[in-house]
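Below is one structure; the comments refer to it alone.
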There are 2 protein chains.
Amino acid sequence: MKLKDLAEHLQLSQTTVSRALNGYPEVAEETRRRIVEAARRFGYTPNAAARRLATGRTGSVAILFPAERNLLVDPHFSDFLAGLAEKFGEADMDLSLKATRKTEELDTYRHLATMGRVDGFIVSSPRSHDERLSLLAGLNMPFAVHGRSQDGLDFPYFDIDNEGAFRQATELLLDLGHERIALLNGIRELNFAQAREEGFRLALAGRGLSADPELIFNGPMVEEMGYRQTCHLIDRPAPPTAVLAASVLLAFGAYRAARDRGLTIGRDISIIAHDDGLPFLKAETLEPPLAATVSSIRNGGYRLAEILLGRIAGKPASELQEVAPVDLVFRPSVGSARK
Amino acid sequence: MKLKDLAEHLQLSQTTVSRALNGYPEVAEETRRRIVEAARRFGYTPNAAARRLATGRTGSVAILFPAERNLLVDPHFSDFLAGLAEKFGEADMDLSLKATRKTEELDTYRHLATMGRVDGFIVSSPRSHDERLSLLAGLNMPFAVHGRSQDGLDFPYFDIDNEGAFRQATELLLDLGHERIALLNGIRELNFAQAREEGFRLALAGRGLSADPELIFNGPMVEEMGYRQTCHLIDRPAPPTAVLAASVLLAFGAYRAARDRGLTIGRDISIIAHDDGLPFLKAETLEPPLAATVSSIRNGGYRLAEILLGRIAGKPASELQEVAPVDLVFRPSVGSARK
DNA sequence: TTGTATGCGTTATCAA
DNA sequence: TTGATAACGCATACAA
């Protein structure tokens with residue numbers, strides 16, 4: 001059943017029927033009622049392709065991810081994706097998932113944009129200097145970024161206060177008397193990792209200390225990495241008394257390392273992490289409960305979807321930039337530095 | 001730039017240009033050359049919505065997943081998704097990810113289908129009796145299933161030989177003298193879990209044994225579950241001498257339990273699992289290396305995408321049904337039963 | 001081998 | 001408040 005059929009059945013023009021169904025104001029209430037009723041009765045649904053062609057809007061957004069380094073196995077990414085899918089589902093928009101080789105990534109953005117296959121893009125894991133952002137800005141394509149960059153571009157984004165979070169966490173450790181503090185961080189190129197390191201450094205500088213490069217690690221945020229790096233740290237001549245981890249997964253590995261080495265967490269070594277709220281690995285249920293700066297990455301996906309929708313609806317970038325504050329939750333995995 | 005502009009520039013009709021670009025045979029080679037060259041030079045790309053409307057094909061497929069139970073955190077699902085995304089990307093098709101509440105799931109299928117927003121669906125994790133399948137068959141919508149059901153419907157699918165795999169693995173254990181064998185399985189409602197249990201039972205029956213219901217567990221395939229269930233098993237009066245796990249994640253938990261209880265894996269207790277080829281958790285690098293039936297779930301996603309594309313292209317279901325055999329790889333996590 | 005004309009199912013413009 | 005009609009940009013049946 002198409003619009004024409006419905007209109008003929010109702011003895012009305014397509015125009016009127018279309019207007020009634022799309023909620024335009026200039027339709028008599030009685031008429032609208034009849035139309036809506038009939039549409040429901042016949043199970044009429046507008047054809048998506050036709051509507052797209054007529055309106056110029058596709059009702060779909062895309063997110064690209066590198067095919068090689070399988071980002072989908074990263075629970076942070078997956079959970080973020082879940083947040084996106086939830087909001088876009090509510091808005092009845094399609095979220096299209098694109099695996100692309102690194103070398104073809106920019107071409108894929110161009111391809112999808114010039115074919116008019118999407119209304120916008122979600123960009124995740126921005127690097128400090130990220131060519132995707134200038135490309136999309138140049139293509140005049142709506143996009144929204146999960147995080148920020150340092151390219152000086154003005155674009156819609158959702159980010160958390162990574163610098164503030166890590167400054168706070170570091171200050172807590174300093175207040176407890178820790179001075180040799182290690183940082184287990186994400187991959188160096190990613191902007192959020194740099195922001196976190198910056199927060200770490202600022203806190204130290206505030207006490208007249210400076211970061212020891214040998215206590216800073218960058219790498220994938222997986223358990224294995226947390227384990228290996230923490231073992232390495234503990235085996236040093238002067239091991240750190242506290243570890244600050246960029247993810248609960250890393251902290252989980254650090255817990256394993258500490259246990260292996262016979263250290264009591266919270267007493268012999270303090271551990272604190274940033275908690276993205278991964279549903280299967282909760283900071284509060286570790287043993288001992290893990291102190292953390294918390295912020296749900298899934299919720300971040302949800303909010304970023306709203307932001308992209310706002311952008312597509314024409315809002316200016318300046319109204320679509322959000323930095324969520326991060327709370328610090330104290331738990332027994334941190335204690336005062338041992339003398 | 002649109003088709004019309006390009007045609008005018010070339011002094012040709014839209015028809016000819018369209019035909020040349022879409023690879024129709026009835027175009028003079030010389031003409032085609034000119035057209036292709038000009039298209040490239042002007043960066044012409046056909047508009048997706050217009051093409052959709054004209055051809056009736058959307059160039060997009062969807063996969064739905066339950067919003068509550070966040071399936072995206074399941075690495076099996078994510079890896080499967082990666083395989084899908086790879087193949088659909090190659091075919092330049094959009095893979096649309098839909099989070100939907102369980103109660104609205106069937107409505108969402110209907111909604112997307114009647115709006116003509118997709119050319120087909122990927123259905124994952126079928127239950128033994130699954131109403132999604134009959135719904136989609138009734139809607140006359142192409143779909144392809146990751147696994148099978150027991151509804152007696154004829155549809156395209158990709159599955160692995162779950163029954164055969166678990167029969168083989170069980171037989172191996174029996175050959176090594178094990179008689180009290182535990183099964184750590186997935187959720188009971190899912191068809192693949194039933195097939196695995198069936199294989200397990202068949203192997204036992206072949207030796208005149210029957211499965212002990214107290215040694216069969218169903219639940220989510222996560223490390224925690226493997227750990228808890230194996231602890232429980234070991235603490236029994238007559239603990240099993242071997243454990244058969246439906247996933248390396250479960251086996252990983254079983255390893256932890258065995259270590260906690262001071263058992264040596266491969267000697268005091270044998271462990272074997274099905275290995276979906278998750279990239280971050282390899283059976284061969286566990287300590288000791290884990291014996292397993294192997295089959296890449298990511299590759300399954302890739303194959304299933306091909307199958308759905310075949311269905312959309314009009315192939316009959318009977319040509320699109322594939323059951324991949326599963327190899328058994330022997331490794332030191334299994335040994336002969338202790339007397 | 002090329003071109004003409006029409007259809008695809010909406011939404012948007014303009015007039016009544 | 002409603003309706004006729006023109007886009008939207010492409011593909012394709014039919015004609016030449």
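Each chain gets a letter, A, B and so on, in the order the sequences are listed, and its residues count up from 1. The figures here come from the full heavy-atom set of this structure, side chains too, leaving out hydrogens, waters and symmetry mates.
Within residues 29-40 of chain A, the residues that place at least one heavy atom under 4.0 Å from DNA chain D are, in residue-number order, A:Thr31.
One finds the CZ atom of B:Phe80 at 14.0 Å from the OH atom of B:Tyr302 (value rounded to the nearest 0.5 Å). Separation of atoms CD1 (A:Ile307) and CD (A:Gln321) is listed at 9.0 Å; rounding is to 0.5 Å. From B:Thr100, atom OG1 reaches atom CG of B:Asp107 across 8.5 Å, with rounding to the nearest 0.5 Å.
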Item to check | From CA spacing to verdict: side-chain hydrogen bond (donor to acceptor under 3.5 Å, both in side chains), B:Thr58, B:Asp119 | outcome: CA-CA 6 Å; B:Thr58 68; B:Asp119 293 333; 3.0 Å; yes
Next on the checklist: Quick one, A:Glu29 with A:Arg32, criterion salt bridge (charged side-chain N to carboxylate O under 4.0 Å, His left out). Give me CA distance, side-chain angles, the key distance, then yes/no.
Outcome noted: CA-CA 5 Å; A:Glu29 256 330 302; A:Arg32 184 193 306 274; 3.5 Å; yes
Checklist entry - Would A:Ile63 and A:Phe77 satisfy side-chain contact (heavy atoms from CB on, under 4.5 Å), going step by step from the backbone distance to the final call? => result CA-CA 11 Å; A:Ile63 179 166; A:Phe77 183 74; 4.0 Å; yes
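Regarding contacts with the backbone of C:dT2, every side-chain N or O of B:Ser13 stays at 4.0 angstrom or more from both OP1 and OP2.
In this structure B:Arg101 satisfies the salt bridge (Lys or Arg N to Asp or Glu O under 4.0 Å) test with no other residue, sequence neighbours excluded. Under the rule for a ring pair (Phe, Tyr, Trp, His ring centres under 6.0 Å), the partners of B:His9 that lie at least two apart in sequence or sit in another chain are B:Phe42.
Mapping heavy-atom proximity under 4.0 Å, the span of DNA chain D touched by chain A runs 5' to 3' from D:dT1 to D:dG9.
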Sequence neighbours excluded and cut-off under 3.5 Å, please list the side-chain donor-acceptor pairs for residues 131-147 of chain A, or say none.
residue  : atom : partner  : partner atom : Å
A:Arg132 : NE   : A:Asp130 : OD1          : 2.9
A:Arg132 : NE   : A:Asp130 : OD2          : 3.4
A:Arg132 : NH1  : A:Ser124 : O            : 3.3
A:Arg132 : NH2  : A:Ser124 : O            : 3.0
A:Arg132 : NH2  : A:Ser125 : O            : 3.1
A:Arg132 : NH2  : A:Asp130 : OD2          : 2.8
A:Ser134 : OG   : A:Glu131 : O            : 3.1

Checklist outcome for this item: 5' to 3', nucleotides 7-16 of chain C under a 4.0 Å protein heavy-atom cut-off (B base, S sugar-phosphate only, - none) gives BBBBBBB---
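Just one residue in the list A:Asp92, A:Asn47, A:Thr45 forms a side-chain hydrogen bond (donor to acceptor under 3.5 Å, both in side chains) with B:Arg117, and that residue is A:Asp92.
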